[in-house]
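Below is one structure, written out as structure tokens; comments come after it.
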Amino acid sequence: MAKHAVLSSGTHLWRSLACAKSELRLDLTLACGQSFRWRETAEGHWTGVMRGRVWTLTQTDDTLWYHVYDERKCGTRKRTGDSSEQKLKEFVKEEEDGEEEEQLRDYFQLNVKLETLYTEWGAADPHFKKIANIFTGVRLLRQEPTECLFSFICTSNNHISRITGMVERLCQALGAPLDQLDRTTYYDFPSLSALADGSVETRLRDLGFGYRAQFLQQSAKKILDSYGTQWLEGLRNVPYLEAHDALRTLPGVGTKVADCVCLMSLDKAEAVPVDTHVWQIAKRDYQFASSGRQKSITDKLHRDIGHFFRNLWGPYAGWTQSVLFCADLKKFQQLKETQSVEQPRNQEERVEEESDAAKSESKERSKPKKSNLCSEKTTTYVKKRRM
DNA sequence: CTACGACCTGT
DNA sequence: CAGGTCGTA
């Protein structure tokens, strides 16, 4: 039976490309709620499906290693002895290698120089600078639009651990099986037509999708019936707001989900998805005060917070946001502690600030009198009513 | 535009 | 209530 590849058993099964950890941290990037499809299958080894194939990724200081499993079972292919055929195969193999590297570069958007961006963000924002020293290498994946859209329809009123299970069952139920590695079978993400099938809603409800089952099936059907198979991909080539509004015509897609899809699969680096968590960050760490003391996140609040952060961080604000979002996840809190043991001074400063912020926040509702960077800037920035 | 309840399920 | 969205006031 085929097994998950591990680097320690030899580099001959692996390809590599130069990539510093300051540019990419697999552990943070693959487990911070962007994609729900990667699992740590061995220490520091991440296995998942990308472009219809199963990959395992791992990294050392300056190198990103990747292994692509061959779903065509060529691992056991026989030597034919025909040298010309062998040569042809090797040629084809090399072509594929180039293609695979290119796919990986595309998926991680390695053309975007993250270190440079971190420097710029840190110069503009002292709070980011503090976080940035620990949470390096958090970058945006460039996901396949269909997978991204339908995964994020599952995220409404939901938390990461449950979403992960749901997406897994979605692929199991409706996606094509690819490879089996050590007891686990990997499935491709379902096609639009598989998702649009009339039986899907009931099927997914049985799998615990709740009311989202209907959203998934109806969105797929609407895309197929009204927009066409190339529509989603095509949104990569239109401006952010246009793509955002187009996505919002789909059932189950509100402002937050639309922003996630824009940012994570449609090349809209300026999109800032605002959930309650990001709202907390805006209030706690940036003294963001909205005009009306909102109880929940309205569309207007989405826009205002988006404008505020774009104004602060610039055209890659969505990327910046994901670093801070990642740094706030419970599962990564240990990283802060380990780091701050080495730097006790920073630790004390941080804790002090945080408890201060927390205190004032709990009293804030009655007296929102804080001075803020935002209200002035955002009001001038928001000339139009729409984003 | 804002407010509010309903909606699935799990902790 | 949780990393929302929809329908209705």
Side-chain angles (χ1 to χ4, degrees), chain A residues 28-36 138 140-141 143 148-170 173 200-220 222 244-264 271-285 289-307 309 318 320-333 362 365 368 378-379 382 384-387:
Chain A
L28 299 178
T29 302
L30 260 20
C32 68
Q34 294 186 53
S35 168
F36 305 96
V138 179
L140 259 296
L141 266 21
Q143 301 187 58
C148 190
L149 171 62
F150 289 90
S151 296
F152 276 90
I153 288 177
C154 298
T155 65
S156 74
N157 201 8
N158 212 346
H159 50 276
I160 290 183
S161 61
R162 183 179 166 211
I163 298 162
T164 306
M166 285 167 64
V167 171
E168 185 171 8
R169 295 196 293 280
L170 182 68
V200 163
E201 181 184 344
T202 318
R203 193 98 167 280
L204 294 183
R205 270 198 178 265
D206 291 342
L207 291 175
F209 281 66
Y211 55 83
R212 302 166 197 83
Q214 182 172 201
F215 291 156
L216 292 164
Q217 192 271 331
Q218 287 182 346
S219 279
K222 179 158 188 175
H244 184 273
D245 291 348
L247 290 170
R248 285 216 51 178
T249 67
L250 299 171
V253 181
T255 308
K256 193 268 182 172
V257 170
D259 270 335
C260 286
V261 178
C262 280
L263 175 65
M264 301 175 188
V272 180
V274 179
D275 50 34
T276 53
H277 206 175
V278 172
W279 188 26
Q280 298 313 314
I281 293 176
K283 289 191 296 188
R284 185 193 66 203
D285 301 329
S290 53
S291 42
R293 322 134 188 47
Q294 321 285 151
K295 210 111 210 312
S296 62
I297 303 179
T298 61
D299 276 6
K300 174 169 159 44
L301 188 58
H302 269 267
R303 287 195 296 269
D304 289 349
I305 293 180
H307 283 133
F309 281 134
T320 331
Q321 175 264 10
S322 79
V323 178
L324 297 183
F325 183 86
C326 179
D328 242 41
L329 287 174
K330 186 171 284 180
K331 64 171 140 184
F332 293 135
Q333 292 314 299
S362 56
R365 190 142 294 161
T378 40
T379 42
V382 182
K384 297 180 181 177
R385 184 143 295 147
R386 313 255 3 212
M387 290 202 278

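A note on names: the letters A, B, ... follow the listed sequences, proteins ahead of strands, and every chain is numbered from 1. Values below: all heavy atoms of this structure, side chains included; hydrogens, waters and symmetry mates excluded.
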Margin query: It should be established whether Ser156(A) places a side-chain nitrogen or oxygen under 4.0 Å from OP1 or OP2 of nucleotide dT5(C).
Written below: no
Next item on the list: Round to the nearest Å and state the distance from Ile160(A) atom CD1 to dT11(B) atom C1'.
Entry: 16 Å
Item checked: Below 4.0 Å: OP1/OP2 of dC1(C) and any side-chain N or O of Arg162(A) -> no
Next item on the list: Could you tell me whether Ile163(A) contacts a base, only the sugar-phosphate backbone, or nothing, with contacts defined as non-hydrogen atoms closer than 4.0 Å?
Entry: nothing
Next item on the list: Would you indicate whether the side-chain heavy atoms of Ile153(A) and Val253(A) approach each other to under 4.5 Å?
Entry: yes
Checklist line | Separation of atom CZ in Phe209(A) from atom P in dT9(B), rounded to whole Å | finding: 11 Å
Check: Say you pick atom P in dC8(B) and the same atom in dT8(C); how far apart are they, in whole Å?
Finding: 15 Å
Notebook entry, point to check: For the pair made of NE2 in His159(A) and C1' in dT9(B), what is the distance, rounded to whole Å?
Noted result: 8 Å
Check: Under 4.0 angstrom, heavy atoms only, what part of the nucleic acid is Cys32(A) near: base, sugar-phosphate, or nothing?
Finding: base
Check: What is the distance, rounded to the nearest whole Å, between atom CG of Leu247(A) and atom C1' of dG4(C)?
Finding: 15 Å
Next item on the list: Could you state the atom-to-atom distance from CD1 of Ile297(A) to P of dC6(C) in whole Å?
Entry: 15 Å
Next item on the list: May I ask you to say what Pro273(A) touches in the nucleic acid, namely base, sugar-phosphate or nothing, with a heavy-atom cut-off under 4.0 Å?
Entry: nothing
Next item on the list: With heavy atoms under 4.0 Å as the rule, sort Val257(A) into base, sugar-phosphate or nothing.
Entry: sugar-phosphate
Next item on the list: Can you tell me the pairing partner of dG3(C) across any strand shown, Watson-Crick or G-U wobble, with both distances under 3.5 angstrom?
Entry: none
Check: Would a 4.5 Å heavy-atom cut-off, applied to side chains only, mark Asp259(A) and Leu247(A) as touching?
Finding: no
Next item on the list: To the nearest Å, give me how far apart CG (Asn157(A)) and C1' (dG3(C)) are.
Entry: 10 Å
Next item on the list: Rounded to the nearest angstrom, tell me the gap between atom NZ in Lys330(A) and atom P in dG3(C).
Entry: 9 Å
Notebook entry, point to check: Is Arg248(A) side chain donor-acceptor paired with the dC6(C) base, going by distance under 3.5 Å alone?
Noted result: no
Next item on the list: Tell me whether the OP1 or OP2 atom of dG4(C) has a side-chain N or O from Thr276(A) closer than 4.0 Å.
Entry: yes
Note to self: Rounded at 0.5 Å granularity, tell me how far CD in Glu201(A) sits from CZ in Phe215(A).
What the structure shows: 10.0 Å
Notebook entry, point to check: Between Asp259(A) (CG) and dG4(C) (C1'), how many Å, whole number?
Noted result: 13 Å
Next item on the list: Hey, could you give me the CZ/NE2 distance between Arg284(A) and His277(A), rounded to the nearest 0.5 Å?
Entry: 7.0 Å
Next item on the list: Would you tell me if any nitrogen or oxygen in the side chain of Arg212(A) comes within less than 4.0 Å of OP1 or OP2 on dC7(B)?
Entry: no
Item checked: Ring centers of Phe36(A), Phe152(A) separated by less than 6.0 Å -> yes
Next item on the list: Take Phe325(A) and Leu250(A), find for each the nucleotide of DNA chain C with the closest heavy atom, and name the residue whose nucleotide sits nearer the 5' end.
Entry: Phe325(A)
